[in-house]
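Notes for the one structure printed next.
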Amino acid sequence: MKKQYLMTERAHFMCPNMHFGILMEIEKEYDKEAMKTSLLHLADAHPFLKSLITYENGTDRLYYRVTGESKIDVVVRENKAAVWADYEELSKQNWNVFEKGLLKVYVCPEKDGMTVLFAAHHLLADGRGLLELSQEFARDYVKGIVPAYAEENLMESIDDLPEGSRLSGIGKLLVRQANKQWVKENHKVSYEQYEDFVKQYAEKNRVSYETYEADKEALQRMKELCKANGFSINDLLMAYVYLRKGTKKIVIASDVRNVISNYNKGALGNYATAMGISCNAKTTDVTEMAKKVHKAVQKHMKKNSKLMLVLACYFEMSPTLLDAAVISTIGEFESKAGHFVGEGMLGYGQPDSYSITNLGKIENDCIKSVMFIPPASPIAKFTLGVVTLNEEMRLCSSVNKRAL
């Protein structure tokens with residue numbers, strides 16, 4: 001495998017709370033050796049599971065250094081509460097990607113099966129990638145279906161994005177000015193500075209989680225409403241958030257695997273973009289709101305300059321300037337360029353945004369239930385994670401308490 005560098009992934013490097021999880025119940029009794037074997041199969045299929053992040057000698061470039069063994073960290077707990085407590089602890093400390101692997105697995109043996117939590121650093125994958133990884137583990141553990149090897153092949157430049165994705169004149173000018181200012185400042189964020197910042201950030205910011213369920217009957221009613229009115233489940237969920245939270249803008253994630261040139265099926269990494277959808281409809285009716293949301297989303301989806309805006313910015317921005325965006329906005333690192341990017345372009349000032357990531361629906365007879373625990377980004381006040389398994393939808397929200 002050729003060397004894989006952090007490009008768009010660099011935005012997740014020096015940023016707190018860049019982890020998320022897939023929590024699943026598996027109806028096959030706990031077998032320590034079988035579990036270890038299945039995890040080793042995963043690591044053999046996905047080189048990033050054997051990787052640590054490393055600086056390239058003599059440069060500021062970061063890459064995935066593939067080692068000779070699995071770097072998956074496995075912890076066995078006595079109950080689900082302990083598993084949740086472990087996950088919550090991740091938001092109170094730094095995940096040192098130079099020393100620790102990018103996937104942690106928490107296991108709780110139960111009477112008729114086991115609960116398994118896959119917690120991933122965002123440098124490993126996006127939400128859909130982690131969901132696929134979790135399914136591969138379940139199929140291997142339950143049915144002995146060994147995952148196929150997937151060559152990692154990250155996006156390398158803006159040329160990997162579809163036509164029409166490049167920044168417009170004003171966007172290009174803003175990024176160019178920020179890069180020039182950063183060069184004039186002639187300094188960089190050290191990882192030690194970032195680690196100190198994370199400790200301070202964790203003291204001031206607490207993350208809480210809430211879970212919800214929509215059974216088959218409730219989901220069927222939602223689907224009928226969507227079909228009758230020409231909008232999607234995601235449009236409907238967004239409408240509920242707009243109306244109940246009183247927000248005028250929601251950030252959503254969109255999968256780009258099918259529109260970029262170099263994605264290898266099953267590979268890890270980040271293949272998603274984020275879009276801010278503004279919708280200030282004067283209505284209290286959820287159906288009317290969902291119709292307006294649908295129009296706003298489709299407007300963004302049909303224009304690559306809007307759909308790929310965040311990824312295009314990441315590609316055009318100096319990597320070390322991306323490192324400084326968070327710490328110079330809400331930390332004590334002094335940088336006009338970093339603060340401009342962090343607050344003015346990426347929204348790391350006061351966390352006031354709302355976000356939804358819907359991983360869609362899957363069918364899998366090896367998994368009894370599944371939940372997506374979304375990342376608690378410093379940008380967001382409230383993030384909703386959604387996934388539907390075998391016609392049952394489960395939702396989980398992460399809430400930044402500093403913002404409330």
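Residue numbers count from 1 along this sequence.
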Sort and list the pairs that fulfil salt bridge (charged side-chain N to carboxylate O under 4.0 Å, His left out) and have at least one residue in [range], not counting sequence neighbours.
range	answer
residues 242-259	Asp126-Arg257, Asp255-Arg257
residues 44-61	Lys3-Glu56, Asp44-Lys50, Asp60-Lys188
residues 149-160	Lys2-Glu156, Asp159-Arg166

Q.
Working note: Met1 + Tyr64, criterion side-chain contact (heavy atoms from CB on, under 4.5 Å); need CA distance, chi angles, decisive distance, verdict.
A. CA-CA 11 Å; Met1 186 183 82; Tyr64 295 80; 5.7 Å; no
Indicate yes or no for a side-chain donor-acceptor contact from [X] to the backbone of [Y] under 3.5 Å, with no hydrogens or angles considered.
X	Y	answer
His122	Ala125	yes
Asn262	Leu154	yes
Ser398	Pro375	yes
Ser38	Phe137	no
Tyr141	Asp31	yes
Tyr55	Gly58	no
Lys143	Cys366	no
Asn17	Ala376	yes

If you compare all heavy atoms of [X] against all heavy atoms of [Y], which two are closest, and at what distance to 0.1 Å?
X	Y	result
Ala148	Ala45	O-CB, 3.4 Å
Ile379	Gly347	CG2-O, 3.7 Å
Ala337	Ala178	CB-O, 3.6 Å
Gly129	Leu268	O-CD2, 4.2 Å
Thr329	Glu343	OG1-N, 3.5 Å
Ser335	Gly338	OG-N, 2.8 Å

Once you round to the nearest 0.5 Å, how far does [atom1] of [X] lie from [atom2] of [Y]?
X	Y	atom1	atom2	value
Ser328	Phe197	OG	CZ	9.0 Å
Lys361	Ile233	NZ	CD1	9.0 Å
Asn229	Thr287	CG	OG1	5.5 Å
Leu49	Leu124	CG	CG	5.5 Å
Ser305	His300	OG	NE2	9.0 Å
Ile26	Lys28	CD1	NZ	9.5 Å

Just to verify, what does [X] make a salt bridge (Lys or Arg N to Asp or Glu O under 4.0 Å) with, not counting sequence neighbours?
X	result
Lys291	Glu288
Glu69	Lys71
Glu88	none

Q: Taking side-chain contact (heavy atoms from CB on, under 4.5 Å) as the test, write out the residues that go with Ser397, two or more places apart.
A: Glu210, Tyr212, Phe382, Leu384, Val399
Q: List for me each residue that meets side-chain contact (heavy atoms from CB on, under 4.5 Å) alongside Val297, sequence neighbours excluded, and say none if there are none.
A: Asp235, Met238, Ile252, Ile277, Val293, Met301
(Q) Under the ring-ring contact (aromatic ring centres under 6.0 Å, His included) definition, can you give me all pairs with a residue in residues 221-252, not counting sequence neighbours? (A) none
**Q.** ring-ring contact (aromatic ring centres under 6.0 Å, His included) pairs, two or more places apart, involving residues 318-344
**A.** His187-Phe333
Validation row: [X], [Y] side chains within 4.5 angstrom (heavy atoms):
X	Y	result
Arg176	Asn179	no
Ile22	Phe372	yes
Glu136	Glu132	no
Arg10	Leu62	yes
His12	Leu6	no
Lys216	Gln220	no
Leu322	Leu346	yes
Thr383	Ser377	no

**Q.** Greater than 12 external heavy atoms within 6.0 Å of Lys368's NZ
**A.** no
Q.
Would you say that more than 12 heavy atoms from the other residues, nucleotides or ligands in this model lie under 6.0 Å from the CD of Glu334, or not?
A. no
Q: Check the angle between the aromatic planes of His19 and Trp95 and answer parallel, tilted or perpendicular using the 30° and 60° thresholds.
A: tilted
Could you give the side-chain donor-acceptor pairs of residues 306-321 under 3.5 Å, partners two or more places apart or in another chain?
unit_1	atom_1	unit_2	atom_2	d
Ser318	OG	Thr320	OG1	3.3
Thr320	OG1	Trp182	NE1	2.8

Please list, one pair per line, the donor and acceptor atoms closer than 3.5 Å that link side chains of residues 99-119 to other protein atoms, with sequence neighbours excluded.
unit_1	atom_1	unit_2	atom_2	d
Glu110	OE2	Thr115	N	3.4
Glu110	OE2	Thr115	OG1	2.5

Q) Ion pair present between Lys227 and Glu224, side-chain N to carboxylate O less than 4.0 angstrom? A) no
Q. Is it true that Lys223 and Glu391 have a side-chain N and a carboxylate O under 4.0 angstrom from each other?
A. yes
(Q) Could you walk me through whether Val370 and Leu131 satisfy the side-chain contact (heavy atoms from CB on, under 4.5 Å) test, starting with their C-alpha distance in whole Å, then the side-chain angles of each, then the deciding distance to 0.1 Å, before giving a yes or no? (A) CA-CA 9 Å; Val370 68; Leu131 180 60; 4.2 Å; yes
Q: Let me see the working for Val386 and Met393 under side-chain contact (heavy atoms from CB on, under 4.5 Å), right down to the final yes or no.
A: CA-CA 7 Å; Val386 187; Met393 177 186 289; 3.8 Å; yes
Q) Under 6.0 Å between the ring centres of Phe13 and Tyr191? A) yes
**Q.** side-chain contact (heavy atoms from CB on, under 4.5 Å) between Val326 and Tyr194, worked out
**A.** CA-CA 9 Å; Val326 181; Tyr194 171 68; over 6 Å; no
Q. Just checking, any donor-acceptor pair under 3.5 angstrom between side chains of Glu185 and Gln181?
A. yes
